[in-house]
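All residue numbers refer to positions in the sequence shown, counting from 1.
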Amino acid sequence: MGTPFTQVYNRFLGKITDDMYMELTPEDTMRDLRNLLIDAIPGFEFPRKNLMDYSIEETENVLEDTSSFKADLSSEEINILAILMMIGWTQRQVTSIENTRMKYSGSDFKFTSQANHLSKLLNLLAETQRQSHHMQRLYKRRRFDENGKYESN
């Protein structure tokens with residue numbers, strides 16, 4: 001059967017907060033999530049399953065996304081892909097032109113500089129990349145034994 005892309009999307013969406021997805025149409029949201037996932041796959045350094053073997057099903061209703069990996073992914077593999085999607089999402093935030101434009105705010109909002117905001121985004125990107133490397137190192141160094149418990153490789 002394989003793992004549906006929507007399982008990875010849901011894990012990713014549970015890790016971020018972005019009002020942009022509220023402004024996009026559901027169809028555009030699904031297309032964006034698919035692009036983030038496909039861009040994230042090569043970042044998974046040494047997967048035990050073939051992540052490049054997937055099927056993308058184009059349907060009339062994009063919300064009924066039946067795209068899936070042919071392999072059954074573990075929760076750990078889904079989590080690593082979601083973190084890799086976060087890296088792509090964060091890189092998008094860092095390179096957004098909105099971060100280089102001067103913004104004005106009302107008196108109800110505290111004004112912060114774009115340089116400070118960009119610095120925080122770069123820190124978030126570095127932390128997300130660190131988390132991805134850490135999770136992938138753990139993934140590479142352990143496996144399940146015959147009793148279903150983790151053991152070191």
[atom1] of [X] to [atom2] of [Y]: how many Å apart, nearest 0.5 Å?
{"X": "Met135", "Y": "Asn79", "atom1": "CE", "atom2": "CG", "value": "5.0 Å"}
{"X": "Met86", "Y": "Lys15", "atom1": "CE", "atom2": "NZ", "value": "6.5 Å"}
{"X": "Met85", "Y": "Asn35", "atom1": "CE", "atom2": "CG", "value": "9.5 Å"}
{"X": "Asn10", "Y": "Leu33", "atom1": "CG", "atom2": "CG", "value": "9.0 Å"}
{"X": "Arg31", "Y": "Thr29", "atom1": "CZ", "atom2": "OG1", "value": "10.0 Å"}
{"X": "Leu73", "Y": "Lys49", "atom1": "CG", "atom2": "NZ", "value": "6.0 Å"}

(request) Decide side chain to side chain contact (heavy atoms under 4.5 Å, CB included) for Gln7 and Leu81; before the verdict, give the C-alpha distance in whole Å, the side-chain angles of both, and the deciding distance to 0.1 Å. (result) CA-CA 10 Å; Gln7 285 187 8; Leu81 285 170; over 6 Å; no

(message) Going by side-chain contact (heavy atoms from CB on, under 4.5 Å), name the residues that satisfy it together with Ile56, two or more places apart in sequence or in a different chain.
(response) Phe5, Arg34, Ile38, Tyr54, Glu58, Ser67

(request) Apply side-chain hydrogen bond (donor to acceptor under 3.5 Å, both in side chains) to Asp32 and list each qualifying residue two or more places apart in sequence or on a separate chain. (result) Tyr21, Arg92

(message) Test of understanding: with side-chain hydrogen bond (donor to acceptor under 3.5 Å, both in side chains), list the residues that count as partners of Lys70, not counting sequence neighbours.
(response) none

Compare every heavy atom of [Y] with every heavy atom of [X], then report the nearest pair and how far apart it is.
{"X": "Trp89", "Y": "Thr17", "answer": "CZ2-O, 3.9 Å"}
{"X": "Glu77", "Y": "Phe44", "answer": "O-CE1, 3.9 Å"}
{"X": "Ile87", "Y": "Leu125", "answer": "O-CD1, 3.8 Å"}
{"X": "Pro4", "Y": "Ser68", "answer": "CA-CB, 3.6 Å"}
{"X": "Val8", "Y": "Ile78", "answer": "CA-CG2, 4.0 Å"}
{"X": "Glu57", "Y": "Ser55", "answer": "OE2-OG, 3.6 Å"}

(message) Going by salt bridge (Lys or Arg N to Asp or Glu O under 4.0 Å), name the pairs with one or both residues in residues 124-135, residues two or more places apart or in two chains.
(response) Glu127-Arg130

(message) Suppose we screen for ring-ring contact (aromatic ring centres under 6.0 Å, His included). Which residues come up paired with Tyr9, at least two apart in sequence or across chains?
(response) none

(message) The test is side chain to side chain contact (heavy atoms under 4.5 Å, CB included); show your working for Arg137 and His134 and say whether it passes.
(response) CA-CA 5 Å; Arg137 271 195 317 273; His134 174 72; 3.9 Å; yes

(message) With heavy-atom distances below 4.5 Å as the criterion, would you say the side chains of Gln91 and Gln129 are in contact?
(response) yes

(request) Please list, chain by chain and in numerical order, all residues satisfying salt bridge (charged side-chain N to carboxylate O under 4.0 Å, His left out) with Asp72, sequence neighbours excluded. (result) none

(message) Quick check on the hydrophobic clustering: are Leu138 and Ile80 connected, directly or via other members, by side-chain heavy-atom contacts under 4.5 Å?
(response) no

(message) Could you check whether any side-chain N or O of Thr128 sits under 3.5 Å from a backbone N or O of Leu124, counting only pairs where one atom can act as donor and the other as acceptor?
(response) yes

